[in-house]
There are 2 protein chains.
Amino acid sequence: MDYRTHSRLSHRANIFKALAHPSRLLIVEELAKRERCVCELTEKIGADVSTVSKHLSVLKNAGIVSDEKRGAQVWYELQMPCVLSFFDCVERSITARAEFQLEVEREARS
Amino acid sequence: MDYRTHSRLSHRANIFKALAHPSRLLIVEELAKRERCVCELTEKIGADVSTVSKHLSVLKNAGIVSDEKRGAQVWYELQMPCVLSFFDCVERSITARAEFQLEVEREARS
DNA sequence: ATTATATTTGGTTATATTGCCAAATAACCA
DNA sequence: TGGTTATTTGGCAATATAACCAAATATAAT
């Protein structure tokens, strides 16, 4: 793989990596509804605030969310709404696979 | 986060995780053009065959590709073509961010 | 039958990720 | 001012990933 290709794909991989965690996916789903402060997201996720803060920093560095400080709180907003359409793609694939598995098992039984 | 939500998001995260590596993204791009055997992909990637084989197994376990053995070779095929449309989404975001950075720098200079 | 090619698997080492705690920072309130 | 709340950062321990080599397996070729 030449340097230029590797650089392009590494950049792209970083965005996938940022989304590759259940808590961060929950954050994205919540931010798709409306902006949220760290305390609200911490409540939803049920982990230590410091952990959630680090997850948010991963998403922010990838350009997926942005933050804005208002008073003592920091509010996060989704900056890449097109990830949501990929969730649909993933969901369809998961469903298709589950159905395929059932099919295989049905055939194995018969 | 309740158990059901966590399970759903973990599953989804596994798909993102499978795509979160430059070599695996290259594999997806190549398979988007046509099916490929392991040796062809190994050539393109420029890593040890065993490494490429393991990358392929990650993609296969995630349901992103499928494999078929023909003679001594194993041919891989893309099973989740909708990932390609997400690449566009990611690319647009990367470009938008790069332009934003330039803007910030321009303002800083003036 | 033996050799060569294609692919996967096991093992090891190096590196990256994740989670929590403690501490630092910042804004608000009494 | 002093205390409380919201958030981030540093550090550490546990776990997960990734790369290569060596070895195992399967097919093709001589």
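Below, chains carry the letters A, B, ... as their sequence lines are ordered, and counting in each starts from 1.
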With a 4.0 Å cutoff (strictly under), does any side-chain N or O of [X] reach OP1 or OP2 of [N]?
X       : N      : value
B:His55 : D:dA19 : yes
A:Tyr76 : D:dT8  : yes
A:Thr51 : C:dT18 : no

Rounded to the nearest angstrom, tell me the gap between atom [atom1] in [X] and atom [atom2] in [N].
X       : N      : atom1 : atom2 : result
A:Asp48 : C:dA23 : CG    : C1'   : 13 Å
A:Leu59 : C:dT17 : CG    : C1'   : 14 Å
A:Leu41 : D:dA6  : CG    : P     : 14 Å
A:Lys60 : D:dT8  : NZ    : C1'   : 10 Å
A:Leu26 : C:dT18 : CG    : C1'   : 17 Å
A:Phe16 : C:dA16 : CZ    : C1'   : 19 Å
B:Leu56 : C:dT8  : CG    : P     : 7 Å
B:Ile27 : C:dT7  : CD1   : C1'   : 14 Å

| query | If you measure from the Lys or Arg side-chain nitrogens to the Asp or Glu carboxylate oxygens, is any gap between B:Arg34 and B:Glu40 under 4.0 Å? | reply | no

| message | Listing request: all side-chain hydrogen bond (donor to acceptor under 3.5 Å, both in side chains) pairs with a residue in residues 10-20 of chain B, at least two apart in sequence or in separate chains. | response | A:Glu29-B:Arg12, A:Glu91-B:Arg12, B:His6-B:Ser10

| query | Quick one: does A:Leu56's side chain get under 4.5 Å of A:Asp67's, heavy atoms only? | reply | no

| message | By the 4.0 Å heavy-atom rule, please label A:Arg24 as base, sugar-phosphate, or nothing. | response | sugar-phosphate

| Touch check for B:Lys54, heavy atoms < 4.0 angstrom, all strands: base, sugar-phosphate only, or nothing? | base

| message | Quick check on DNA chain C: between A:Lys69 and A:Ser23, whose nearest nucleotide comes earlier from the 5' end? | response | A:Ser23

| message | Using heavy-atom distances to pick each residue's nearest nucleotide on DNA chain C, tell me which of B:Ser57 and A:His21 is more 5'. | response | B:Ser57

| request: Classify the angle between the aromatic ring planes of B:Phe16 and B:Phe86 as parallel (below 30°), tilted (30 to 60°) or perpendicular (above 60°). | output: perpendicular

Closest to the [X] side chain: [options]?
X       : options               : value
A:Val38 : C:dC21, D:dT7, D:dC21 : D:dT7
A:Val49 : D:dA6, C:dC20, D:dT8  : D:dT8
A:Lys17 : C:dT7, C:dT8, C:dT17  : C:dT17
B:Cys39 : C:dT7, D:dC20, D:dT7  : C:dT7
B:Ala72 : C:dT8, D:dT27, D:dT8  : D:dT27

| request: Indicate, with yes or no, if A:Ile64 and A:Val74 share a hydrophobic cluster defined by side-chain heavy-atom contacts under 4.5 Å among Ile, Leu, Val, Met, Phe, Trp and Tyr. | output: yes

| remark: Under a 3.5 Å limit on both distances, the Watson-Crick or wobble mate of D:dA23 is C:dT8

| Which atom names give the shortest non-hydrogen contact between A:Leu78 and A:Pro81, and what distance separates them? | CD2-CA, 3.9 Å

